[in-house]
Amino acid sequence: MDIKLELIGVPVSDVDRAKAFYEKVGFHADHDVPVSDAIRFVQMTPPGSACSIAFGKGITEMAPGSLDNMQVVVADIEEAHADLTARGIEVTPIDDQPWGSFVYFADPDGNRWAVQQTTPRTAAS
């Protein structure tokens, strides 16, 4: 039996601000549906990902900004760092660890993300 992770709820305080931020990061807006006065469902997907995020009004009871260490994976951390920086996203310098290289950023509510290149950069990088 396959079990696929396909959707993660992200707690935000301002739906439009969050949508604009994730579009700026490069996520694709899949859905933005006002279901009722109490529910607005926004689904966004990182390029090339089979898993999406969802946020909106009435979507989760988590406190805005309480999501920590969401992780996405890229083939080239230097390219990702340059791309995010060019998009105006505040990212950390590249953090090289024995198990991979990372950059980190947070959305406007403080939900924290890690971008990982799973193979460490070579000493020449």
Side-chain angles (χ1 to χ4, degrees):
M1 172 179 73
D2 289 341
I3 299 177
K4 299 177 182 179
L5 182 62
E6 295 190 0
L7 190 67
I8 305 290
V10 176
V12 302
S13 61
D14 182 317
V15 179
D16 292 321
R17 180 181 70 175
K19 183 178 178 187
F21 175 81
Y22 285 106
E23 285 176 329
K24 189 174 180 181
V25 170
F27 286 30
H28 177 264
D30 303 316
H31 304 285
D32 186 345
V33 181
V35 178
S36 68
D37 288 342
I39 299 173
R40 177 179 172 192
F41 177 81
V42 178
Q43 179 177 321
M44 301 189 77
T45 305
S49 179
C51 187
S52 302
I53 61 170
F55 53 86
K57 182 178 173 186
I59 300 300
T60 181
E61 293 183 13
M62 290 188 294
S66 63
L67 198 59
D68 187 25
N69 200 28
M70 290 296 298
Q71 188 164 308
V72 292
V73 176
V74 297
D76 184 331
I77 197 68
E78 292 170 356
E79 179 182 2
H81 187 276
D83 180 68
L84 289 167
T85 300
R87 291 172 178 272
I89 305 302
E90 289 185 33
V91 295
T92 64
I94 297 172
D95 176 20
D96 292 307
Q97 298 295 326
W99 53 88
S101 298
F102 299 82
V103 295
Y104 303 94
F105 69 90
D107 73 11
D109 283 295
N111 295 300
R112 297 180 348 155
W113 289 81
V115 181
Q116 180 188 23
Q117 175 182 310
T118 55
T119 53
R121 295 186 301 167
T122 61
S125 292

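Keep in mind that this is a model prediction, so the values were computed, not measured.
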With the side chain counted from C-beta on, respond yes when Tyr22 and Val10 share a heavy-atom pair under 4.5 Å apart, and no when they do not.
yes
Residue pair Gly9 / Leu67: nearest heavy atoms and the distance that separates them
O-CD2, 3.7 Å
side-chain contact (heavy atoms from CB on, under 4.5 Å) filter on His28, not counting sequence neighbours, yields Asp30
Checking the side chain of Asn111 only, and the main-chain atoms of Pro11 only, is there a donor and an acceptor separated by less than 3.5 Å?
yes
Would you call Ile94 and Glu78 a side-chain contact if the rule is heavy atoms closer than 4.5 Å?
yes
How does the hydrophobic cluster around Val73 look, that is, which other residues are in it when side-chain heavy atoms under 4.5 Å mark a link?
none
Which residues end up grouped with Trp99 if you chain together Ile, Leu, Val, Met, Phe, Trp and Tyr wherever their side-chain heavy atoms are less than 4.5 Å apart?
Phe102, Tyr104
Are Ile59 and Val33 connected into the same hydrophobic cluster when the rule is that any two of I, L, V, M, F, W, Y join if their side-chain heavy atoms are below 4.5 Å apart?
yes
Does one hydrophobic cluster hold both Met62 and Ile39, with members joined at side-chain heavy-atom distances below 4.5 Å?
no
Of all residues at least two apart in sequence or in a different chain, which pass the side-chain contact (heavy atoms from CB on, under 4.5 Å) check with Ile3?
Met1
What pairs with Ala29 under side-chain contact (heavy atoms from CB on, under 4.5 Å), at least two apart in sequence or on another chain?
Lys19, Glu23, Met44
Under the salt bridge (charged side-chain N to carboxylate O under 4.0 Å, His left out) rule, what pairs show up with a residue in residues 40-49, not counting sequence neighbours?
Asp16-Arg40, Asp32-Arg40
If hydrophobic clusters are built from ILVMFWY residues whose side chains come within less than 4.5 Å, do Met70 and Val91 share one?
yes
Which residue pairs pass the salt bridge (charged side-chain N to carboxylate O under 4.0 Å, His left out) test with at least one member in residues 52-63, sequence neighbours excluded?
none
Above 12 or not: heavy atoms from other molecules or residues under 6.0 Å from CG of Asn69?
yes
Contacts of type ring-ring contact (aromatic ring centres under 6.0 Å, His included), residue Phe21, not counting sequence neighbours:
none
For the residue pair Ser13 and Pro64, what are the closest heavy atoms and their distance?
N-CB, 3.7 Å
Is a donor on one side and an acceptor on the other found under 3.5 Å between the side chain of His81 and the backbone of Thr92?
yes
Partners of Leu7 by side-chain contact (heavy atoms from CB on, under 4.5 Å), sequence neighbours excluded?
Phe41, Gln43, Ser52, Ala54
Would you please name every residue forming a side-chain hydrogen bond (donor to acceptor under 3.5 Å, both in side chains) with Gln71, sequence neighbours left out?
Gln116
Compare all side-chain heavy atoms of Val25 with those of Arg87 and state whether any distance is below 4.5 angstrom.
no
Once salt bridge (charged side-chain N to carboxylate O under 4.0 Å, His left out) is applied, what residue pairs with a partner in residues 92-112 remain, sequence neighbours excluded?
Arg17-Asp109, Asp68-Arg112, Asp96-Arg121
Which atom names give the shortest non-hydrogen contact between Pro120 and Gly100, and what distance separates them?
CG-N, 3.8 Å
Is there a path of hydrophobic side-chain contacts, each under 4.5 Å between heavy atoms, that joins Val42 and Val35?
no
